[in-house]
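Notes to accompany the following structure.
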Amino acid sequence: MVSPLYTLIKQNNIIYLKFFIILFMSCIPDRTNLCSNRILAAIPPDHHVDSSDNTLLSLETLSLGGYLSFHDNYHAAKDFGNTYHFLPLAVLHPKSVSDISSTIKYIFEMGSGSDLTVAARGHAHSLQGQAQAHQGIVINMESLEEPEMQVYTGELPYADVSGGHLWIDILHETLRHGLAPKSWTDYLYLTVGGTLSYAGISGQAFKHGPQIDNVYQLEVVTGKGEVVTCSENQNADLFHGVLGGLGQFGIITRARISLEPAPKMVKWIRVLYSDFSLFSKDQEYLLSSQNSFDYIEGFVMINRTGLLNNWRSSFNPKDPHQASQFSSDGRTLYCLEIAKYFYQGDHTDIINQKTERLLSELSYIPSTLFLSEVSYVEFLDRVHVSEKKLRAKGLWEVPHPWLNLFVPKSKIIKFNEEVFGNILTDATSGPILIYPVNTSKWSNKTSLVTPDEDIIYLVAFLSSAVPSSTGKDGLQHILNRNQKILDYCATNPLGIKQYLPHYSTREEWKAHFGPKWQAFLQRKSAYDPLAILAPGQRIFKKAKPLLRH
């Protein structure tokens with residue numbers, strides 16, 4: 001496919017050192033996939049409000065508790081992907097939900113004659129401009145002060161949080177009550193509204209489902225500026241549509257998140273396999289086991305030398321002598337990462353016995369058993385440690401051409417043989433996650449699209465590019481590699497779906513949603529008929545007919 005043509009970014013004459021890549025960034029909500037060859041977009045000159053610009057002058061007269069910024073908004077034209085850069089006309093820093101409602105309602109009442117669009121921006125971890133609005137308005141959700149976070153204890157505990165709250169802040173606040181959300185992403189510095197607009201998937205999803213399956217209620221500002229409370233029993237169509245809806249039907253301003261008793265400690269384990277069939281068999285076995293581990297993920301290591309690779313220093317081999325004798329010899333290896341939680345009152349001996357029993361049923365290479373015991377917070381916030389190190393070296397804000405796929409269980413062996421046997425033959429510039437989830441336990445009412453099988457694998461290629469490089473760690477090489485993977489999936493129908501999808505044409509989006517496409521169109525027409533919201537997803541264009549086949 002051919003992407004829109006953008007002007008090339010002027011590169012600064014800074015040569016980045018090659019860097020270590022963080023190991024386990026989430027299939028975070030703000031992540032997206034690459035599906036086309038496209039060049040980088042340029043940051044245009046900052047917009048200055050002209051006195052004759054009636055639209056912007058009228059925006060300035062809006063009665064807001066917060067404020068609109070019309071200058072120096074370059075930050076709103078950047079995201080974690082660091083390849084798309086669209087400058088907005090203004091950035092809204094809302095203090096309350098009414099600020100968001102008033103702004104969107106004003107734009108809606110301007111009608112289809114206005115080109116103004118609106119994008120909600122959380123912690124800016126989208127990859128391809130999804131939280132940007134070219135010559136539109138970007139809403140800085142993190143400035144939202146209301147509603148304040150409230151934690152409710154009881155038989156069915158929950159937390160009422162702002163759509164702009166970060167998951168790390170929710171973790172710390174709920175822990176004060178001995179509680180915590182059930183489902184997570186690998187990276188916690190993401191906003192609630194951001195992850196719920198996609199799915200929110202991590203190693204707990206096999207047990208609890210994604211984050212969108214652990215929400216009781218939402219408050220949403222629609223594309224008409226209406227503030228609507230919705231749940232399974234109230235405005236259910238909007239509730240289901242917004243969850244995994246890519247921001248197309250409304251901006252999530254409040255969420256009621258399901259909680260559970262929080263663990264105290266975590267037994268964190270990694271083991272290696274050289275045979276993918278044994279690796280996937282063991283992962284699937286753990287999915288179906290009673291009293292299994294509490295977290296199950298995995299990743300691929302290609303053409304690495306030495307056992308430790310990116311092992312954290314806190315990991316210790318179960319048998320140091322055997323581990324020292326192990327050599328990968330450049331083989332492709334598969335790491336199973338699992339965790340068992342300790343709760344208040346649990347006896348260490350009993351937990352150890354349960355863990356050893358589960359491990360005894362697996363077929364990993366015995367000498368590669370590494371383990372560690374850490375606090376629950378340390379385990380959940382594991383990626384942030386790597387982030388701080390990279391930021392200190394100036395190696396965080398680089399291009400991140402990520403590709404995330406859902407692969408059906410029935411095709412995962414074939415996928416592995418081609419992708420990890422032929423397409424990817426060298427060490428990659430980032431982790432490759434691969435682990436199964438059981439979608440039969442997930443709600444099929446949301447907008448999230450998955451392959452039509454109960455067991456599917458999340459395969460995430462979390463690459464980072466060296467900006468100045470034209471080699472294998474350069475952006476173009478990674479883009480080409482991603483495209484080869486997508487071309488293979490297209491020419492050998494595997495039934496895959498992109499997680500955090502990114503497409504350029506209406507036909508591609510229609511194919512992605514499949515049977516859900518008509519419902520998606522109808523919801524767009526009902527809740528955002530002028531296509532004001534989330535223009536960066538590039539699904540709909542403002543003032544164009546929405547309901548067409």
Side-chain angles (χ1 to χ4, degrees), residues 146-185 188 191-193 195-196 199-220 228-240 242-244 252-267 287-296 339-348 350-351 354 375-377 379-381 437-446 448:
E146 301 171 6
E148 295 181 354
M149 194 184 311
Q150 299 288 335
V151 178
Y152 296 86
T153 60
E155 186 175 349
L156 293 174
Y158 61 86
D160 277 337
V161 302
S162 163
H165 274 132
L166 298 179
W167 285 101
I168 183 65
D169 296 330
I170 296 172
L171 172 62
H172 288 307
E173 180 61 25
T174 55
L175 284 177
R176 293 177 59 246
H177 302 266
L179 301 167
K182 301 174 182 177
S183 190
W184 296 96
T185 54
L188 304 187
T191 59
V192 170
T195 64
L196 295 184
I201 298 174
S202 185
Q204 304 88 1
F206 82 97
K207 189 173 184 179
H208 297 292
Q211 290 180 321
I212 58 174
D213 279 4
N214 292 276
V215 181
Y216 292 140
Q217 183 175 287
L218 297 172
E219 179 185 76
V220 175
V228 182
T229 298
C230 53
S231 66
E232 284 277 1
N233 302 315
Q234 180 183 9
N235 299 308
D237 183 68
L238 179 61
F239 178 72
H240 295 133
V242 167
L243 294 171
I252 297 171
T253 52
R254 181 173 59 83
R256 181 164 291 177
I257 307 297
S258 174
L259 303 177
E260 67 175 357
K264 294 294 184 181
M265 297 291 293
V266 176
K267 185 179 287 294
L287 248 64
S288 62
S289 298
Q290 296 293 325
N291 300 315
S292 184
F293 290 98
D294 298 292
Y295 163 98
I296 300 172
K340 192 69 177 174
Y341 295 164
F342 290 68
Y343 292 86
Q344 187 72 38
D346 281 346
H347 294 286
T348 302
I350 294 176
I351 294 297
K354 290 180 179 178
S375 72
Y376 188 54
V377 172
F379 175 69
L380 290 181
D381 200 27
V437 291
N438 189 349
T439 59
S440 66
K441 300 178 181 179
W442 298 11
S443 171
N444 61 4
K445 297 178 182 179
T446 69
L448 177 66

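Residue numbers run from 1 in the order of the sequence given.
At least one side-chain heavy atom of Ile170 sits less than 4.5 Å from a side-chain heavy atom of Pro181. The shortest side-chain heavy-atom distance between Leu196 and Val192 falls under the 4.5 Å cut-off. When side chains are defined from C-beta on, Leu238 does not count as touching Leu218, because their heavy atoms never get closer than 4.5 Å. Side-chain contact check for Tyr376 versus Val266: some heavy-atom pair is nearer than 4.5 Å. Side-chain contact between Val228 and Gln234 is absent, with no heavy-atom pair separated by less than 4.5 Å. Lys207 is not listed as a side-chain neighbour of Lys441, based on a closest heavy-atom distance of 4.5 Å or more.
Separation of atoms CH2 (Trp184) and CD1 (Ile201) is listed at 16.0 Å; rounding is to 0.5 Å. Rounding to the nearest 0.5 angstrom, the gap separating the CZ atom in Phe342 from the CD1 atom in Ile351 is 5.5 Å. Atom NE2 of His240 is separated from atom OG1 of Thr446 by 8.0 Å, given to the nearest 0.5 angstrom.
Among residue pairs with one or both ends in residues 151-162, those qualifying as side-chain hydrogen bond (donor to acceptor under 3.5 Å, both in side chains) are Asp160-Arg256; sequence neighbours excluded. Applying the side-chain hydrogen bond (donor to acceptor under 3.5 Å, both in side chains) definition to pairs two or more places apart or across chains, those involving residues 163-181 are Trp167-Thr195, Glu173-Arg176.
Annotation: side chain to side chain donor-acceptor pair (under 3.5 Å) contacts of Asp213 (sequence neighbours excluded): none.
Judged purely by distance below 3.5 Å, without hydrogens or angles, the side chains of Ser258 and Tyr216 pair a donor atom with an acceptor atom. Using modelled atom types and a 3.5 Å distance limit, the side chains of Gln204 and Ser183 yield no donor-acceptor pair.
Residue-environment remark: NZ (Lys182) exceeds the threshold of 12 foreign heavy atoms within 6.0 Å.
Asn214 places a side-chain N or O within donor-acceptor distance of the main-chain N or O of Pro210, the cut-off being under 3.5 Å.
Taking each heavy atom of Val377 and Leu171 in turn, the nearest pair found is CG2-CD2, 4.3 Å. Closest of all the heavy-atom pairs between Ala180 and Leu175 is CB-CD2, 4.5 Å. Across all their heavy atoms, Cys230 and Val220 have their closest contact at SG-CG2, 4.0 Å.
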